[in-house]
Colleague: 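Sharing a structure below in C-alpha cells format, with a few things to ask.
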Protein chains: 2
Amino acid sequence: MSTPSENSATLTKRLIDSGLRPTAQREVVFKVILEKRDHPTADEIFARVKSQMPTISLATVYNCLETLVQCQLIRQVNLERAPTRYCPNLHQHAHFHDETTGQIHDIDLPIELMAQLHDVLPAGFNASSVELTFRGDAAGTAQPTVPADCAPTLNNPHGTN
Amino acid sequence: MSTPSENSATLTKRLIDSGLRPTAQREVVFKVILEKRDHPTADEIFARVKSQMPTISLATVYNCLETLVQCQLIRQVNLERAPTRYCPNLHQHAHFHDETTGQIHDIDLPIELMAQLHDVLPAGFNASSVELTFRGDAAGTAQPTVPADCAPTLNNPHGTN
DNA sequence: AAAAGAGTTTAGAATTATTCTAAATCCTTG
DNA sequence: CAAGGATTTAGAATAATTCTAAACTCTTTT
Ligand SMILES: [Mn+2]
Ligand SMILES: [Mn+2]
Ligand SMILES: [Zn+2]
Ligand SMILES: [Zn+2]
C-alpha cells in the first residue's frame, strides 16, 4: 500500500477535497519527499525537485509544502532554530536528533505511552497535539531514518498495514 | 531557598567556576528572568532590563542569555519557528503551549515517566536530552506558568526542596 | 601605580530562513 | 472562446539572531 501512483491518487483526492488543484508542482514536491526516507529541509527539497522540474521556484516549494502540511500529507518538524524539516511519516512518532551525524530518526511511540503522556496534564489542560524529541547519539545506525511504509493511503487513513 | 541575593550568589559562583565574570548586565538579565514567572523572549527581556539599565544593548542581552544557558542557570525553549523563549525552571518539565492565549505553562514530569520515555528508544540510541511539548487549550488557568520555586541553588543543585 | 591583557559590552552591519508582493501563467467553467 | 479564480514565479521584504570591530572594564603583571 503506497506505490507512486497510489500516493499520487491520494494527493489528488486530498487536494480536490480541500478545493485545491492537483498541480504538477504539488505532485513532484510530494513525490520527492516520499521517495527518500529522511527529513529534508525546504532547500533540499528544492534541489531534488529542480532536477525533475528545473523551472520550479523556491517560493513554490514553500507554497507546496504549506499545502501538503495543511492537507495532512506530510508533517513539519522543527528542531532548535534550524531550518524546518519535512517528514513523510504520518504515524504517531517521536524524533531522535543525532548530534553526531545530524540525522533525524523516527521513533515509534506505543499508543499506551501516548495515553500516559496525556495523563501528566493537570485538569483543564486539553492537548490537541504532543511533540517528543530526543537528542543524543545513535550508535551504528545506518538504517533508514523513516520507516519504509509510513504514509497512509485513502483506503488506509490510519496507516495500519 | 531562592531570595534575590541567593540567586545572585549562585550566578556569581557559576560564572566564576566557568572562568567568566559576574557583570552587572549578567546580573540584571538573570534577575529579570527569575522575578517574573513566564517564558519571555529576548526582546521582552530586553524591554524589562532596559527599565533598570537603560544603556544595555540587545546584543548584550543575547550574549548574557547564551552565557546563562551555558552555565545551566536558565533553559532555552523553542516552539515552532517563533522567537526563542527562556525558562527559569530547571526542574525536568514539559511545556504546554496554549494556542488561545499564547501562554506557555510548565508541566511537571514524574521521574517514572522519564524512564518510560527512554524505554521507547531502540538499542543504540543514547539520548542526552528529551523535550516534550503539548499544544492546545488550557481552560481557566490564570495560574503562574512557571512554579514559584524552580531555580536550584548551589546548595540544592537538583532542586529538591 | 602604570601598563598590559583578557574578557565584556556596544552599535550597527550581516546573515538567512521564510514570507510577501504583484505580475504572469494556468485551469476550469460558462 | 472568454472570464475568473487559483497557482506560480522572481524578486523584494521581514525579522530573529549572529557577527564585527571598536570602546570599555576589570584583573594581573611589572
Ligand atoms: Mn505504515
Ligand atoms: Mn524547586
Ligand atoms: Zn519523522
Ligand atoms: Zn519552562
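Protein chains get the first letters and strands the later ones, always in sequence-line order, with residue 1 at the start of each.
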Colleague: Would you say the side chains of B:Arg135 and A:Ser129 form a donor-acceptor pair under 3.5 Å?
Modeller: yes
Colleague: Any residue in residues 23-33 of chain A with a heavy atom nearer than 4.0 angstrom to DNA chain D? Just list them by number, or reply none.
Modeller: A:Thr23, A:Gln25, A:Arg26
Colleague: Specify the separation, in whole Å, of atom CG of B:Leu15 and atom C1' of C:dT8.
Modeller: 12 Å
Colleague: When you check the phosphate oxygens OP1 and OP2 of D:dT9, does a side-chain N or O of A:Thr60 lie under 4.0 Å from one of them?
Modeller: yes
Colleague: Can you see which heavy atom on B:Leu34 is nearest to which on B:Pro88, and at what distance?
Modeller: CD2-CB, 3.7 Å
Colleague: Just the rounded figure in Å: distance from C1' of C:dG7 to CD1 of B:Ile16.
Modeller: 14 Å
Colleague: Using OP1 and OP2 only, check whether a side-chain N or O of A:Arg81 sits under 4.0 Å from D:dT17.
Modeller: yes
Colleague: Expressed in angstrom and rounded to an integer, what is the separation of A:Leu68 atom CG from D:dT8 atom C1'?
Modeller: 15 Å
Colleague: Take A:Ile56 and B:Asn78, find for each the nucleotide of DNA chain D with the closest heavy atom, and name the residue whose nucleotide sits nearer the 5' end.
Modeller: A:Ile56
Colleague: Give a yes or no on whether the ring-centroid distance for A:His39 and A:His95 is below 6.0 angstrom.
Modeller: yes
Colleague: What integer distance in Å separates A:Phe46:CZ from D:dA10:P?
Modeller: 8 Å
Colleague: For B:Glu6 and B:Thr3, does a side-chain donor sit closer than 3.5 Å to a side-chain acceptor?
Modeller: yes
Colleague: Carefully, step by step, assess A:Val49 and A:Gln52 under the rule side-chain contact (heavy atoms from CB on, under 4.5 Å).
Modeller: CA-CA 5 Å; A:Val49 162; A:Gln52 297 179 50; 5.9 Å; no
Colleague: Enumerate, atom names and distances included, each donor-acceptor pair closer than 3.5 Å involving a side-chain atom of residues 107-118 of chain A, sequence neighbours excluded.
Modeller:
{"from": "A:Gln116", "atom 1": "OE1", "to": "B:Gln116", "atom 2": "NE2", "distance (Å)": "3.1"}
{"from": "A:Gln116", "atom 1": "NE2", "to": "B:Gln116", "atom 2": "OE1", "distance (Å)": "3.1"}

Colleague: Could you check whether B:Thr41 gets within reach of a base, just the sugar-phosphate, or nothing at all, counting any heavy atom under 4.0 Å?
Modeller: nothing
Colleague: Centroid-to-centroid, B:Phe134 to B:His97, below 6.0 Å?
Modeller: no
Colleague: Rounded off to whole Å, could you give me the CG-to-P distance for the A:Leu79 and C:dA17 pair?
Modeller: 15 Å
Colleague: A:Asn63 has an atom CG; how far is it from atom C1' of D:dA10, in whole Å?
Modeller: 12 Å
Colleague: Classify the side-chain pair A:Asn78/A:Thr84 by whether it contains a donor and acceptor separated by less than 3.5 Å.
Modeller: yes
Colleague: Report, as a single string ordered 5' to 3', how protein heavy atoms within less than 4.0 Å touch nucleotides 19-30 of chain C: B base, S sugar-phosphate only, - not at all.
Modeller: BB------B---
